[in-house]
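Below you'll find the structure, written out as structure tokens, and then a few comments.
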Amino acid sequence: MPKAVDPNAPSGLVVVDKPQGITSHDVVSRMRRLAGTRKVGHAGTLDPMATGVLLVGVNKATRLLTYLVGQDKVYEATIRLGETTSTEDAEGEILQRRYVAAVTRQALDAAVEALTGDIQQVPSAVSAIKVDGKRSYQRVRDGEEVELPARPVTIKRFEILDVRRPEGGRTMDVDVVVECTSGTYIRALARDLGEALSVGGHLTALRRTSVGGFGLDKAATLEELAERFAMLPLPEAARGLFPARELTAEEVNELGFGRRIEANPTAELTAGFAPDGRLIALMNNVKDKAKPELVFETR
């Protein structure tokens, strides 16, 4: 049987700057060794090709991960126009090449604008979305044809940073920054931009620069963490994610028993803190009371 987690073991959030070439699960495995616990998880998978912010929860902080997954994200990416690949990124086989000589900056700007805002996006067929209990990417690897339904996402910012025409102008590389809601696939955005311009496109580089309020300025590389392992304490992580409410000792006691207390000042999910600074619970307003959604401390 798995060893029970010590309730007094340190808990916190680690903002990792994931390197290229390893999976998000590989990062979790390393964090388990560094933190000395099996109770480790991550929020928001990054493909092996991608780098940047990966949020890792340790011990009690794993309970925050559900709320972290839904945070907005910001990416820096390079889209190559003129080539379509089997995986919609640089790791796939090139399926088709089309010349980009006729693509003007005006046409590129218009296509980017059309993909900004509330859109319906068809996820990449090589995504981890489950289809009848099986990952979509596994079905593709097994030779199956996969068609995923479109889903609503919001592209809050889609800005062109630079445009280059390598290979004698046969292709076009477009550096962009994208701010988007959870569930957006940047490789699908690259695919759709290419198709809107009738030249095809795929992703050649991807770096996530922030998840919610956690950016690269708070991140550490695996090498830095191996040298000096540190976590953002659970209360500090929660204060960075949710509106904070300072609780009385009586309210702490009531929440510990799962009881409702006086309503929060805001309708948002709120983190409640004990007078000594401990994170007690996440609370939502239900009718005229604050109801504990997730209790971290019982007293």
Side-chain angles (χ1 to χ4, degrees), residues 1-75 128 135 182 206-242 244 252 255-256 269-274 276-282 292-299:
M1 293 182 65
K3 186 178 178 181
V5 175
D6 179 358
N8 297 315
S11 297
L13 194 68
V14 185
V15 186
V16 180
D17 185 351
K18 188 189 91 65
Q20 192 172 33
I22 67 172
T23 67
S24 298
H25 182 71
D26 291 334
V27 173
V28 168
S29 296
R30 296 194 191 185
M31 288 300 102
R32 284 174 175 154
R33 292 195 294 272
L34 292 174
T37 178
R38 295 287 302 169
K39 192 70 171 178
V40 177
H42 70 81
T45 300
L46 279 175
D47 291 334
M49 185 191 86
T51 68
V53 174
L54 182 69
L55 300 180
V56 177
V58 176
N59 290 327
K60 290 180 182 179
T62 56
R63 303 175 74 191
L64 287 178
L65 297 179
T66 298
Y67 304 97
L68 289 167
V69 169
Q71 298 286 313
D72 288 354
K73 300 171 179 67
V74 180
Y75 297 89
R135 299 289 184 187
S182 178
L206 182 65
R207 183 162 176 75
R208 188 156 67 195
T209 58
S210 73
V211 177
F214 300 100
L216 288 169
D217 59 322
K218 296 184 176 72
T221 66
L222 293 175
E223 291 76 17
E224 289 169 338
L225 289 166
E227 185 78 20
R228 181 179 177 274
F229 183 73
M231 300 183 291
L232 193 66
L234 183 59
E236 189 176 340
R239 286 184 185 276
L241 283 167
F242 310 103
V252 169
L255 290 170
L269 187 66
T270 298
F273 297 90
D276 62 5
R278 289 174 298 130
L279 173 64
I280 300 301
L282 299 182
E293 296 290 333
L294 188 59
V295 176
F296 290 88
E297 300 276 357
T298 57
R299 64 180 186 277

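For reference, positions follow the sequence shown, starting with 1.
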Partner set under salt bridge (charged side-chain N to carboxylate O under 4.0 Å, His left out) for Asp72, not counting sequence neighbours: Lys156

Residue pair Ala35 / Val58: nearest heavy atoms and the distance that separates them: CB-CG1, 4.0 Å

Any residue meeting salt bridge (charged side-chain N to carboxylate O under 4.0 Å, His left out) with Arg239, in chain and number order, not counting sequence neighbours: Glu246

Contact list for residues 208-241, test ring pair (Phe, Tyr, Trp, His ring centres under 6.0 Å), sequence neighbours left out: none

Residue pairs, two or more places apart or on separate chains, that pass ring pair (Phe, Tyr, Trp, His ring centres under 6.0 Å) and touch residues 26-67: Tyr67-Phe242

Spacing of Gln20 atom CD and Asp47 atom CG [to the nearest 0.5 Å]: 11.0 Å

Pairing residues for Val27 by the side-chain contact (heavy atoms from CB on, under 4.5 Å) criterion, not counting sequence neighbours: Val16, Lys18, Ile22, Met31, Leu54, Val56, Leu222

All side chain to side chain donor-acceptor pair (under 3.5 Å) counterparts of Thr51, not counting sequence neighbours: Arg207

Side chain to side chain donor-acceptor pair (under 3.5 Å): pairs with one or both residues in residues 225-238, sequence neighbours excluded: none

Val53 backbone acceptor or donor facing Arg208 side chain under 3.5 Å: yes

Pairing residues for Asp217 by the side chain to side chain donor-acceptor pair (under 3.5 Å) criterion, not counting sequence neighbours: none

Separation of Leu225 CG from Leu34 CG (nearest 0.5 Å): 6.5 Å

Gap between atom CG of Leu282 and atom CG of Leu241 - 0.5 Å precision: 9.0 Å

Heavy-atom pair with the smallest gap, counting every atom of Pro292 and Ala281: CB-CB, 4.5 Å

Listed partners of Thr66 passing side-chain contact (heavy atoms from CB on, under 4.5 Å), at least two apart: none

Spacing of Leu64 atom CG and Leu234 atom CG [to the nearest 0.5 Å]: 5.5 Å

Partners passing side-chain contact (heavy atoms from CB on, under 4.5 Å) against Val74 (at least two apart in sequence or in another chain): Val177, Glu179, Thr209, Ser210

Considering all heavy atoms, the nearest Phe273-Ala238 contact: CZ-CB, 4.0 Å

Nearest heavy atoms of Gly57 and Thr62, plus distance in Å: O-CG2, 3.3 Å

Non-hydrogen atoms of Val211 and Leu68 that approach each other most closely: CG1-O, 4.0 Å

Closest non-hydrogen atom pair between Pro10 and Met231, with its separation: CB-CE, 3.8 Å

Heavy-atom side-chain proximity of Leu55 to Val15 below 4.5 angstrom: yes

All side chain to side chain donor-acceptor pair (under 3.5 Å) counterparts of Ser29, not counting sequence neighbours: none

Arg30 CZ to His25 NE2 distance, which is reported to the nearest 0.5 Å: 12.0 Å

Gap between atom OG of Ser182 and atom NZ of Lys73 - 0.5 Å precision: 4.0 Å

Within 45° cone of Phe296 ring axis and under 6.0 Å: Arg63 NZ or CZ: yes

Short side-chain to backbone donor-acceptor contact, Asp276 and Arg278, under 3.5 Å: yes

